[in-house]
Amino acid sequence: MRLLTKRLPVKIKCLLITGIVTSIYIIVSYNLFEDVFTKKSKDMGKRNISYLKLPNVIVHLDFKGSPPKLGYLKTLLPKFQELGVTGLLMEYEDMFPYNGRLVNISAKNCYEKPKLKEFLKLAVQLGFDIIPLVQTFGHMEHVLKLAEFQHLREIPSYPDSICPSNSESQMIIKKMLEQIIEFHEKIFPVKYLHIGCDEVFNINKCQRCLKKNLPHTEIYLSQVQVVADLVKTISRNTTVLIWDDMFRGIPINTWERINHQVEPVYWDYGQSVRVSHVNMRKYYKKFKNIWIASSFKGADGRAATYPNIKRRLWNNFSWMNKIRDYKFGGENEVFNFEGIILTGWSRYNHMEPPCELLPISIPSLFLNLLLIKKFKEGLENVESFDLTDFYMKYLRDEFSGLLHCSHLIDIDYFDTNQCYFDGNELYQLFLSWDLINTNILNSLNEFDNDLFAVDFYSQTHNINTIKLRQNKEWVYQSINEVVYYKNKIITILNPYYDDYFIEEYSHLKFYKTKAILDDMLKALKNVSKIKTWTRRPYKYN
Ligand SMILES: *[C@@H]1O[C@H](CO)[C@@H](O)[C@H](O)[C@H]1NC(C)=O
Ligand SMILES: *[C@@H]1O[C@H](CO)[C@@H](O)[C@H](O)[C@H]1NC(C)=O
Ligand SMILES: *[C@@H]1O[C@H](CO)[C@@H](O)[C@H](O)[C@H]1NC(C)=O
Ligand SMILES: *[C@@H]1O[C@H](CO)[C@@H](O)[C@H](O)[C@H]1NC(C)=O
Ligand SMILES: CC(=O)N[C@H]1CO[C@H](CO)[C@@H](O)[C@@H]1O
Ligand SMILES: [Zn+2]
């Protein structure tokens, strides 16, 4: 709405506002009526309604290399509240302003403490739990990539995993935990802290570790113990969360000895969630609570521009159906999972390109939150629904309203052209750019196209000089289009991201096409210089 009204004269604004107020009135009264009707019909026939208990609904904010401006994140909080979000998982990575010995772990454009504090205060005031995430084993690229910490790597050539057998590693981890916890404790009691510990790709490989002569699993479990104890020493009442993937392969006999004060988060971002009942049962026996994690972005390709909204919905739908009546066997009551984390990955790891941006993924996030809300509010048996039916019956209307669309949004032909939400302009612009980009690249690659031959024949050989002028014009025009879209996207990204990230992202998305066109232009100009040609046959290198 903001974007729309900005450019319009006052009269039209008034009209528009009247229009909006009237439609809201109509929608509200319609819903009231509908409520009365449905209540009546509900009372008439006994329905089998199940309510999903899922006390924590957490949105993952991954600041890994595409940190949104805090001002933008603030604007999302009221919607989160409305959609039943109870907390935010803050994956700071290098965006936390560390100090002292750790100062270089922070990016040069990391969040400033006063602004971060202000954001957190607001979030806490609105009732959200803030869950800081600190990587303490794998995915420590932001620490281990630095010259000053490279000696702490498990394998010298890979900066992902830290060596747990080096006492300096433990000291650095302790300092990270202390700084994070102390900073947050000043604002609110840290109820939860997530210690990462997923995807420890390199474990038990260095001499120090190997000397202990222990299986990988023991090395892993003892580090988890060390970190969990560290957290408890710093903040006794904090509950420690951990991604579960490294637990999955742990043999049952080892499992018996585990007595960690942690709560695992069972993650699966697939279209059809595959829950290992065996693993789930192990967790059930050993841990006080089990959490699950789905994904609203960052699981559809390492350099994806948009999340696949249907796949993302499927993932969550699949989870909801899985846990709605989860039983371990024998018990009467359905098992209650403690919470769900909707992950929104920003990069597959520190060294990867950025994947989907948060503003572009807002529809996916809202839709999944709405889905969870529906399951919590209570549903009749949904076994008989396929996803499209479910969407039509329970989600479509509210979802279209959330995005301020002038029409009802179809899940199979997802089109937000007539919707008004922050991020939509960016989304639409990328869609247009994708079309144009595909056309340009196709034109350059089509073997039948005369442009294809320019490169090859530009050195010495025959080129149709009449075509040349047209080709040059086409290339100039295409370059203009690239520059136009690039500049436009730079402007539109401004409310969401800082200049450093905008520079990276706009470069990433446009450099390739631009470079190909620039080369083509050079070749065309070169060919234009040739005025006479030699006799056939030609020589090829
Ligand atoms: C209600 O649903 C549960 C599980 O989905 C099923 O076990 C039960 O038999 C149903 N009850 C009725 C009255 O349909
Ligand atoms: C941080 O990096 C700078 C530049 O590489 C270096 O001079 C400084 O000593 C480092 N600081 C710490 C605390 O290690
Ligand atoms: C931890 O929780 C207990 C019980 O709720 C409370 O009495 C105690 O003050 C808390 N300790 C800290 C350090 O917050
Ligand atoms: C331009 O043509 C010359 C030969 O005429 C060739 O050596 C050179 O590589 C060409 N440059 C480009 C960019 O095609
Ligand atoms: C594609 C796919 O596997 N979809 C699944 C989504 O979730 C529902 C409910 O769990 C399954 O029935 C579908 O097979
Ligand atoms: Zn080691």
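Note that the structure is predicted; figures quoted are calculated from it, not measured. Both counts, for ligands and for their atoms, begin at 1 and track the order of listing.
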- Task: List in chain and number order the residues that pass side-chain hydrogen bond (donor to acceptor under 3.5 Å, both in side chains) with D198, two or more places apart in sequence or in another chain; answer none if no residue qualifies.
- Result: Q135
- Residues in side-chain hydrogen bond (donor to acceptor under 3.5 Å, both in side chains) contact with K205, at least two apart in sequence or another chain: N202
- Please confirm whether F390 and F317 have ring centers closer than 6.0 angstrom. yes
- Query: With a cut-off of 4.0 Å, which atoms of ligand 2 are near a heavy atom of G100?
  - Reply: 13 (C)
Just list the N/O pairs, ligand 3 to protein, that are under 3.5 Å apart, with the distance for each.
from	atom 1	to	atom 2	distance (Å)
ligand 3	2 (O)	N237	OD1	3.3
ligand 3	2 (O)	N237	ND2	2.2
ligand 3	11 (N)	N237	ND2	2.9
ligand 3	14 (O)	N237	ND2	3.4

- Short N or O distance, R101 and ligand 2, threshold 3.5 Å exclusive: no
- Item | Opening angle between OE2 in E154 and SG in C206, taken at the Zn ion (ligand 6), to 10 degrees | 90°
- Query: To the nearest 10°, how many degrees is the angle C209 SG to the Zn ion (ligand 6) to C163 SG?
  - Reply: 110°
- Message: Under the ring-ring contact (aromatic ring centres under 6.0 Å, His included) definition, can you give me all pairs with a residue in residues 171-190, not counting sequence neighbours?
- Response: Y92-H184, F96-F183, H184-F188
- With a 4.0 Å cut-off on heavy atoms, is A147 touching ligand 2? no
- Message: Taking the basic N atoms (NZ, or NE/NH1/NH2) and the acidic carboxylate oxygens, is any pair closer than 4.0 Å for K327 and E333?
- Response: no
- Scan F337, W319, Y284 and name whichever one has a ring-ring contact (aromatic ring centres under 6.0 Å, His included) with Y326. F337
- Item | Passing option when F510 is tested against W433, Y485, Y484 for ring-ring contact (aromatic ring centres under 6.0 Å, His included) | W433
- Message: Testing L193, L89, L61, I195 one by one against L133 for a side-chain contact (heavy atoms from CB on, under 4.5 Å), which residue passes?
- Response: L89
